[in-house]
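Bear in mind that the values here come from a model prediction, so they are computed numbers and not experimental data.
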Amino acid sequence: MKSTKTSLLTLLGLLLLSCSTPQKEEAPSLKKAFQDKFLIGTALNVGHNKGTDSLGIDIIKHHFNAIVAENCMKSMHIQPVEGVFFFDEADHFVQFGEDNNMHITGHTLIWHSQVSDWFFTDDKGEDVSREVMIERMKNHIQALVGRYKGRVHGWDVVNEAILDDGSWRETKFKEIVGDDYIKLAFQFAHEADPDAELYYNDYGMSNEGRRNTVIKMVKELQAEGIRIDGIGMQGHMRLDVPDINEFEKSIEAFAALGVKVMITEMDITVLPFPTDETAEVSLTAEYQEVMNPYTAGLPADVEDAFNKQYIDFFSLFLKHSDKISRVTLWGVTDIDTWRNDWPIKGRTDYSLLFDRNYQAKPVVQQLIDLTKK
Ligand code: 9MR
């Protein structure tokens, strides 16, 4: 009897204690702060997809509600040889998104880069005919979109088909198939999963030339009854690029087409830049120490400029949150950023929202605070 009394008292004591101790507040989260505005996404790399980067995964689960495959769905990775598919990593990526109830974007079906030569040539190394090329495009798109039908919510169908001046990029797809390769890609993707959203994705979208050609392309697709749901504005930025007013003009012009606008690949490099190009992957430059100035840390004035650029652009996105459906960062921590190796290999960049120790940078809280204004 005595022991029952004691344990009842102990229980009561514990209950009282738990009521009087303030509950630990959950750490602030980007996805919660922006939940009424737009999705907040990030790109997943192999360490995330295969589960080896557990600290990175914790950040993703806490802060993001949308994911995109940084590399594992690119044609060179997923179909390096005709008919030979490596779906393993992409399967993990999609499963992760489903397990965590996230918006899943497949990236990317037709891109001139990271595509194996087999796509365009026959066994003698000669270019294939238009018919063969169309068949290969169709098979590739059907294989990917078909495999993840009903699971991947949207696809970057065509990536980077337009140049800064608004001219069409001279790719092998365009050369062999002709100008209608874009339309065919969207058609094949729609046939493979009629419920999936379909996007056009490109960098340097604040350039007037590219903006006008994107508009023309979308209008033509719409006039022909081809499904296109959204435009991805990549958002690879520098401290002083792009011009925010021009960027805003593009958001407004794209939204006026009646499609979703998405900021798809956001990062801000703080490093000196050898040219004016924003994200032309083929660009490379020699390593020089002077081009890698922040190996020991970021000076306060550069960090301020970095924060300001994120805040200015997120303020713009909030202003247009009725038009913008998603803002996706191109990676999680500064260890991951492709900027460390492009356009100069082996540098130390600081382009993302989480640092090399998996800590949220001060700007994360500042972005969260913007939503309370
Ligand atoms: O971040 C990606 C990097 O890891 C790859 O090496 C590179 C080439 O496949 O692609 C990077 O991602 C690109 C994206 O797929 C399309 N827009 C430009 C991105 C940066 O180059």
Side-chain angles (χ1 to χ4, degrees), residues 41-54 56-57 59-60 64 66-81 84-98 100 102-119 140-141 143-145 147-148 151-161 171 173 185 189 199-203 232 234-236 262-267 269 278-284 326 328-347 349 351-354:
T42 187
L44 265 54
N45 63 27
V46 61
H48 307 134
N49 296 328
K50 290 286 179 86
T52 52
D53 183 4
S54 57
I57 290 170
I59 296 177
I60 296 165
F64 299 98
I67 55 170
V68 58
E70 182 174 3
N71 286 310
C72 68
M73 287 178 159
K74 289 173 181 169
S75 67
M76 200 167 159
H77 296 281
I78 214 153
Q79 194 185 185
V81 175
V84 180
F85 290 89
F86 290 87
F87 285 121
D88 187 51
E89 193 186 330
D91 286 351
H92 280 102
F93 162 78
V94 174
Q95 191 62 52
F96 176 85
E98 284 189 330
N100 293 288
M102 291 167 165
H103 181 276
I104 306 171
T105 303
H107 172 88
T108 171
L109 298 171
I110 297 295
W111 188 26
H112 66 279
S113 183
Q114 306 302 111
V115 52
S116 306
D117 285 345
W118 72 258
F119 224 117
H140 182 74
I141 292 172
L144 262 82
V145 180
R147 183 176 181 91
Y148 302 113
R151 302 179 68 200
V152 166
H153 304 107
W155 286 93
D156 290 338
V157 178
V158 177
N159 198 41
E160 301 171 7
T171 67
F173 292 108
Y199 315 131
Y200 176 76
N201 190 52
D202 213 329
Y203 64 82
Q234 287 185 12
H236 294 294
M262 294 155 295
I263 313 305
T264 52
E265 304 183 13
M266 187 166 184
D267 54 22
T269 179
T278 47
E280 172 55 56
V281 203
S282 60
L283 187 73
T284 54
R326 168 168 59 95
T328 288
L329 278 296
W330 201 239
V332 181
T333 77
D334 289 339
I335 311 169
D336 310 324
T337 178
W338 71 295
R339 298 290 204 166
N340 291 326
D341 289 309
W342 181 89
I344 299 173
K345 270 202 171 306
R347 296 200 292 176
D349 209 337
S351 71
L352 293 168
L353 297 179
F354 297 85

Q.
Among residues at least two apart in sequence or on other chains, which ones pass side-chain hydrogen bond (donor to acceptor under 3.5 Å, both in side chains) with Asn201?
A. Asn159, Thr264, Glu265
**Q.** Test item: side-chain donor near acceptor, Asn49 and Glu89, under 3.5 Å
**A.** yes
Q. Are the side chain of Asn340 and the backbone N or O of Asp349 linked by a donor-acceptor pair below 3.5 Å?
A. yes
Q. How long is the gap from CD1 on Ile67 to CD on Glu98, to the nearest 0.5 Å?
A. 9.5 Å
Q. Okay, side chain of Asp88, backbone of Asp91: is any donor-acceptor separation there less than 3.5 Å?
A. no
Q. Are Thr337 and Trp330 close enough that some pair of their side-chain heavy atoms sits under 4.5 Å apart?
A. no
Q) What orientation do His107 and Trp111 show, parallel under 30°, tilted 30 to 60°, or perpendicular over 60°? A) tilted
(Q) With side-chain contact (heavy atoms from CB on, under 4.5 Å) as the test, pick out the partner of Phe354 among Ile335, Thr333, Leu329, Asp336. (A) Thr333
**Q.** For the student: nearest non-hydrogen atoms of Met102 and Phe64, plus distance
**A.** CE-O, 3.3 Å
Q.
With side-chain contact (heavy atoms from CB on, under 4.5 Å) as the criterion, how do Met73 and Tyr148 come out once you've worked through the C-alpha distance, each side chain's angles and the decisive distance to 0.1 Å?
A. CA-CA 11 Å; Met73 287 178 159; Tyr148 302 113; 3.9 Å; yes
Q. Backbone N or O of Gly331 within a donor-acceptor pair of the Thr42 side chain at under 3.5 Å?
A. yes
Q.
To the closest 0.5 Å, what do you measure between SG (Cys72) and NE2 (His48)?
A. 12.0 Å
Q. With under 30° as parallel and over 60° as perpendicular, where do the rings of Phe119 and His140 fit, or are they tilted in between?
A. perpendicular
Q. How long is the gap from CE on Met266 to CG on Leu353, to the nearest 0.5 Å?
A. 8.0 Å
Q. Taking it one step at a time, do Asp334 and Arg339 satisfy salt bridge (charged side-chain N to carboxylate O under 4.0 Å, His left out)?
A. CA-CA 9 Å; Asp334 289 339; Arg339 298 290 204 166; over 6 Å; no
Q: Determine whether Arg326 and Thr105 make a side-chain contact, defined as any pair of heavy atoms from C-beta on separated by less than 4.5 Å.
A: yes
Q) Would you say Asn71 and Val46 make side-chain contact, with heavy atoms under 4.5 Å? A) no
Q | Rounded distance [0.5 Å steps], CD in Glu160 versus NE2 in His112 | A | 5.5 Å
Q: Indicate the atoms forming the closest heavy-atom contact of Asn100 with Phe96, along with that distance.
A: ND2-O, 2.9 Å
Q.
Minimum heavy-atom separation for Gly47 and Ile57, please, with both atom names.
A. O-CD1, 4.3 Å
Q | Beyond-backbone contact of Val152 with Val145, side-chain heavy atoms, under 4.5 angstrom | A | no
Q. Who pairs with Ser75 by side-chain hydrogen bond (donor to acceptor under 3.5 Å, both in side chains), at least two apart in sequence or on another chain?
A. none
Q: Output the distance between atom CZ (Phe85) and atom NE2 (His77), rounded to the nearest 0.5 Å.
A: 15.0 Å
Q: Taking the side chain as every heavy atom from C-beta outward, state whether Phe93 and Ile104 have any atom pair closer than 4.5 Å.
A: yes
Q: Measure across Ala43 and Val332 and return the closest heavy-atom pair with its distance rounded to 0.1 Å.
A: O-CG2, 4.4 Å
Q. What's the shortest heavy-atom distance between Trp118 and Gln79, and which atoms?
A. NE1-O, 2.9 Å
(Q) Using modelled atom types and a 3.5 Å cut-off, is there a donor and acceptor pairing between side-chain atoms of Ser351 and backbone atoms of Asp267? (A) no
Q) So among Val115, Val157, Ile141, which one has a side-chain contact (heavy atoms from CB on, under 4.5 Å) with Ile110? A) Ile141
Q | Donor-acceptor contact below 3.5 Å, side chain Ser116 vs main chain Pro80 | A | yes
Q: Provide the closest heavy-atom pair for Asp156 versus Tyr199 in the form atom of the first, atom of the second, distance.
A: OD1-CD1, 3.5 Å
